[in-house]
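Proteins get letters first, then strands, A, B, ... in listed order; numbering begins at 1 in each.
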Number of protein chains: 2
Amino acid sequence: MELRQLKYFIRSAEVLNFTEAANDLFISQSTLSQQIKQLEEELGILLFDRVGKRIRITEAGNLFLTYARQALQDTKNGKQIIEDLKELKTGTLNIGVTYGLSALLTDTIVSFSKLYPQIKITVDFGTSEDLLEELKIAKIDFVLSFLQLPADDIFVSQVLFDSKLALVVHPSHSVAKEKTIDVKDLQSISLALPAKGFNTRDFLEDAFKKNNISPSVKVELNDINMLLQLVETGNWCTVLTMASVKGRPDLQTIPITGIDITRQASITWHKDVYRKKAALVFTEMIQSQKH
Amino acid sequence: MELRQLKYFIRSAEVLNFTEAANDLFISQSTLSQQIKQLEEELGILLFDRVGKRIRITEAGNLFLTYARQALQDTKNGKQIIEDLKELKTGTLNIGVTYGLSALLTDTIVSFSKLYPQIKITVDFGTSEDLLEELKIAKIDFVLSFLQLPADDIFVSQVLFDSKLALVVHPSHSVAKEKTIDVKDLQSISLALPAKGFNTRDFLEDAFKKNNISPSVKVELNDINMLLQLVETGNWCTVLTMASVKGRPDLQTIPITGIDITRQASITWHKDVYRKKAALVFTEMIQSQKH
DNA sequence: TCATAACTATCGGTATAACCGATTGATCAT
DNA sequence: ATGATCAATCGGTTATACCGATAGTTATGA
């Protein structure tokens, strides 16, 4: 039994005329006759009575017709949901994002949701390591993070935009009046930084080392929001990319001079995993936003 | 898209391993790979991610899986109902019967219904002409009637049993004490007979004519039950086949001598219409009953 | 690190069966 | 009667489902 035969059968049952049904189905009458016969043989029962030059559906045919129609409808529904998925009328988008880039997500999520309200979005915060592991098992569709050498060639990355590291201070802080700050001067400021292991912290640590600078780190935190809350008290400063402080107008960013500490925000995909349309559209929206 | 491909897809989704699925499906791995690919091309979307030597179902695949399963289930249901029909677990039996033979139906309906309680039975009473018309358009499965020349060769008939015509009287009637009655003596008895046009009446009329007998018909009725009710009053007698009075122990049948008035109960089928199993079993039960 | 096993994709060839046109045989309308 | 209509059948062609072999990849283990 094949869907083809069910289609033939249904049309034949509708018009009760093999010749006409065959025309409708764009096949020859002989083919239709054969296929119906084949279906009848498989079911072990006649679906039509051949009375004279007419056909009439049998009780069995009528009973079977319901199920044939249903089966065909199911395949149509299945096709439709795939179309919906392609047109972003359904589905789920699973985003992985590191803490440092979480701030830039908000705007895109808002506009994406407005355009495609039927798409469900889940956001997974985590360290790069955690997220790449999730990406590996396709738990998330892509990872937004700062660029790092791909440890595994099952991943491919592309750069979204550059974002410089800057000193983040509260306006009440004494250095808040400065237009810029030299990297050497960072040593004299009490800093609150992301905990070691955080991507940005490791990058910073590396940059300090290369410039023989030993900053005075007073607080380490594994949560960027808490970190920014501490900065808001005015007791500490921190160093983050500009992108990380997006949407926090109460805080001030002061460019750091004497060192090039530009990070590249990037998106990472699994090499082999199908890139669902929702993911492609979403990342295009991120890239088209100004940073 | 064909059911074959859906089966392949479903099994593949279940074991997430083409090689194993191919074994389960008794096809080669290459064939499975090709068929899945074909399905994916038709849907315009990947159903599986091929990551390394593994496959993983995509979001689209998961969505589609539900519908594929449903479609397949529908065909199974369709097959099952056909099987049930063959096994007499469902379906409808439409019986056409002339008034004269309606009495003999009761016992068979009772025992058939006991054996196959899920089969719905409808009984259509009517004249032979009406019933044969219904048989022609397959509104009924067969006709139980007294044998007559098949006016149309789209019908085929077979004899069920012989049934003699007899005088039907109520015990209170004056002739009730007689063991037999000669056909000539019928002329002296007030008769209530089926209306002209009724098969039995026409047969009787013909027999009377051939024997130069003119009975005194006092009442004509187009309903056998009403006729028998009249006979029960003791005021009239009637002439019917023995079969017609089956199940009426309150009435007495007196054989008519001096004339051979044997009728043949028969079953008539449409030549070309599929004989459903319920109908075949039912008629076999009728034939196996004693008359 | 290298070999091996496990797994999927692809290629070329074969066999099956879907398909067609022509024909037959039947029925229906005129 | 006669032609029109319709389904079944036959023989031949084409499409394709299928297979085995193989390539290419990844995971496993010595």
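Protein chain A contacts DNA chain C over a range whose 5' and 3' limits, counting nucleotides with an atom under 4.0 angstrom from a non-hydrogen atom, are dA18(C) to dC28(C). Chain B approaches DNA chain D within less than 4.0 angstrom (heavy atoms of the protein), and the contacting nucleotides run 5' to 3' from dA17(D) to dA27(D).
Within the 4.0 angstrom heavy-atom criterion, only backbone atoms of the sugar-phosphate kind lie near K271(A); the bases stay farther away. Contacts of F48(B) with the nucleic acid, taken as non-hydrogen atoms under 4.0 Å apart, are absent. No contact: R54(A) has no heavy atom under 4.0 Å from any strand.
Listed by chain and number, the residues in a ring pair (Phe, Tyr, Trp, His ring centres under 6.0 Å) with Y274(B) amount to none (sequence neighbours excluded). With sequence neighbours excluded, no residue forms a side chain to side chain contact (heavy atoms under 4.5 Å, CB included) with R54(A). Partners of F203(B) by ring pair (Phe, Tyr, Trp, His ring centres under 6.0 Å), not counting sequence neighbours: none found. Shown here are the salt bridge (charged side-chain N to carboxylate O under 4.0 Å, His left out) partners of K53(A), two or more places apart in sequence or in another chain: there are none. Applying the salt bridge (charged side-chain N to carboxylate O under 4.0 Å, His left out) rule to K196(A) yields no partners; only residues at least two apart in sequence or on another chain are considered.
Side chain of E42(B) to backbone of M1(B): a donor-acceptor contact under 3.5 angstrom is found. Judged by distance alone, the side chain of T58(A) and the main-chain N or O of L47(A) form a donor-acceptor pair under 3.5 Å. A donor-acceptor pair under 3.5 Å is absent between the side-chain atoms of K139(B) and the main chain of N94(B), judged by distance alone. Put simply, the side chain of R275(B) never gets that close to the backbone of L280(B): no donor and acceptor are under 3.5 Å apart.
Ring geometry for F64(B) versus F9(B): interplanar angle of 30 to 60°, hence tilted.
Helix-axis bend for the helix from dT1(C)-dA30(D) to dT30(C)-dA1(D): the local axis fitted to the five terminal pairs at one end deviates from that at the other end by 30°, rounded to 10°.
Pairs engaging residues 17-37 of chain B under the ring pair (Phe, Tyr, Trp, His ring centres under 6.0 Å) rule: F18(B)-F48(B) [sequence neighbours left out]. The salt bridge (Lys or Arg N to Asp or Glu O under 4.0 Å) pairs that include a residue from residues 8-37 of chain B are R11(B)-E14(B), R11(B)-D24(B), E14(B)-R69(B), where partners are two or more places apart or lie in different chains. The stretch residues 78-101 of chain A participates, sequence neighbours left out, in these ring pair (Phe, Tyr, Trp, His ring centres under 6.0 Å) pairs: Y99(A)-F198(A).
The stretch residues 23-45 of chain A comes close to DNA chain C through F26(A), I27(A), S28(A), S30(A), T31(A), Q34(A), Q35(A), Q38(A), each having a heavy atom under 4.0 Å from the strand.
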